[in-house]
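Right, one structure below, let's go through it.
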Amino acid sequence: MDFSNYQKGTTSVWGGETELFPDGAITPPIVNSVTYGYKDLDEWHNVALGKAEGYIYSRNTNPTVHVLEEKIKALENAEAATAFATGMGAISNTLFALLTSGKRVVSLKDTYGGTSKLFLDFLPSYQVNVTLCDTTDHEQLEAEIAKGCDVVYLETPTNPTLKVVDIERLAKAAHQVNAVVVVDNTFATPVNQNPLKLGADLVIHSATKFLCGHSDAMGGVLCGSAELVKKVFQFREINGASIHPESAYLIARGMKTLELRIERQNASALKIAQFLKGHEKVSDVFYPGLETHPGYAIAKKQMSGFGGILSFALKGGYDDVRKFLPQLKLVHLAASLGSVSSIAGPPRTTSHVELTEEQRKHLGIPESLIRYSVGIENVEDLIKDLDQALSTL
Ligand code: PLP
C-alpha cells in the first residue's frame with residue numbers, strides 16, 4: 001500500500017500491517033522459525049531464485065522482520081528497506097557494502113562514537129580513504145566533496161551537541177560527483193525529518209532508540225532506493241547481522257506510538273531547553289529548537305520538530321555534574337536515548353568516554369556537559385525535578 005498521502009501517525013500504525021496475518025491475526029505473529037518448508041519443489045526453487053515471493057531462511061528474510069521493514073519504508077517514503085541486529089549493524093554494513101579499497105568517503109567529525117571508530121580505525125585499514133570535516137563548516141564539506149568521493153555520510157542533529165547540517169545543500173554537492181548520500185536520522189526520527197525528501201539516497205536509524213521507544217530491543221534499519229538497499233542487503237545476508245524476530249516485533253510495536261511519543265518529546269524538550277537557558281547554574285544549552293542555537297535556521301528548514309534530545313553544561317564544571325545528576329529522581333543515569341523514560345548522562349562517561357579531555361574540548365564538548373533524552377513523562381514534573389536538583393548546587 002502507498003502511504004505517501006497519509007500522515008505519520010496513520011503510517012506508524014498501518015505500515016506493514018494492512019493485510020491480515022495468518023489465521024486472521026491482526027497483530028504480526030513472532031515467527032521464530034529458522035527455515036520454511038515447501039511441498040512443491042518447483043515453488044521452492046522459484047522462491048530460492050527470487051522469482052516468486054516467499055521465505056527460505058531467516059538469516060535472509062523473515063515475516064516478522066518484514067513488517068518492521070515495511071513500516072520504516074512507509075515512514076521514510078522509501079522504495080525499499082532492510083533491517084539489522086543493531087544500529088551499528090546498519091551503519092557498518094552500509095559503509096562496507098558501498099566502500100571498497102581505493103574508494104573515498106567524506107563525513108563529519110561529530111558522528112556517533114561507533115561510526116567515528118569505523119572512520120578512524122576500520123575503514124582506513126581496508127584502504128578506504130576517509131576525510132572528516134568540521135561538522136558545521138559547509139564550505140569545507142563542499143570543497144572536499146568536489147574533489148571526488150563515493151559516499152557522503154551525514155548525521156544531523158549530532159550527538160551530543162546537537163549540531164545541524166544542511167542535508168539538501170550537501171546532497172546537491174554530492175550528486176555533482178555521483179556520490180551516494182547516507183544520513184543517520186536516529187536523533188531526528190522519521191516524524192521530524194525525512195532525508196530522502198531532502199535529496200539523500202539512503203537513511204539509517206538505530207531502531208534501538210526512538211523507533212523502539214522503550215529501551216527493550218536493539219535493531220537498525222536502512223531505507224532508500226531499491227538498488228542501493230539490495231546491495232547492502234546482499235552484504236548483510238552473508239555477514240549475518242540479521243535482527244531477531246522478537247526484537248523486530250518489539251520495535252514494530254513500539255513504532256505504532258512513534259508520532260504520539262515524538263510530538264510530546266519535541267514539545268517537552270523545547271520547554272526544558274527554555275527553562276534551562278534561563279537558569280543561573282547553567283552555562284550553555286544545546287537544542288536546535290532554540291533560536292540562539294547556531295543550527296536553528298537549517299533545523300527550521302529541514303525538520304518539522306526539533307527532537308527529544310538536548311544537552312546542557314553546568315557552570316560549576318564536572319564537580320557540579322557529580323553532585324547534580326544523582327539528585328534527579330525522574331531520569332535513569334544511563335547510556336542510550338529515545339525511550340519513554342528520561343535518560344541522562346555526561347558524554348565524558350557515555351558517548352565520548354574513549355576521548356581525552358583535550359579531544360573532547362576540540363569537539364566543543366565541555367566536561368560539565370549533560371545529555372538529556374526527554375521521555376514522555378509530564379514536562380512540569382521533569383522541570384520540577386531539574387529545578388530541585390539544580391537548587392542543591
Ligand atoms: N547512530 C546514533 C546517532 C546513535 O546514537 C547510536 C547509538 O547510540 C547508533 C547509531 C548505534 O546504534 P546501536 O547502539 O543500536 O548499534
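Counting starts at 1 for both ligands and their atoms, in listed order.
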Will you find, in the side chains of [X] and [Y], an N or O donor that is under 3.5 Å from an N or O acceptor?
X    : Y    : value
S341 : E377 : no
Y36  : S58  : yes
N192 : N266 : yes
N159 : D110 : no
R371 : T350 : no

Tell me the protein heavy atom at minimum distance from [atom], and give that distance in Å.
atom                    : result
atom 2 (C) of ligand 1  : D184 OD2, 3.5 Å
atom 16 (O) of ligand 1 : M88 N, 2.8 Å
atom 15 (O) of ligand 1 : T208 OG1, 2.6 Å
atom 11 (C) of ligand 1 : Y112 CE2, 3.5 Å

Once you restrict to heavy atoms under 4.0 Å, what part of I204 touches ligand 1? Side chain, backbone, both or neither.
neither

With only distance considered, is G89 within less than 3.5 Å of ligand 1 through an N or O on each side?
no

Between S206 and ligand 1, does any nitrogen or oxygen pair lie at a separation below 3.5 Å?
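The answer is yes, given that S206 and ligand 1 share an N or O pair closer than 3.5 Å.
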
What atoms of ligand 1 come closer than 4.0 angstrom to any heavy atom of I91?
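Within the 4.0 Å cut-off of I91, ligand 1 contributes 10 (C).
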
For ligand 1, which atoms sit closer than 4.0 Å to a heavy atom of E155?
3 (C)

How close do P326 and V321 get, heavy atom to heavy atom, and via which atoms?
CD-O, 4.1 Å

With a 4.0 Å cut-off, would you call R59 and E237 a salt bridge?
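Salt bridge flag = no for E237 with R59.
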
Atom 8 (O) of ligand 1: of H205, M218, K209, the nearest heavy atom sits on K209

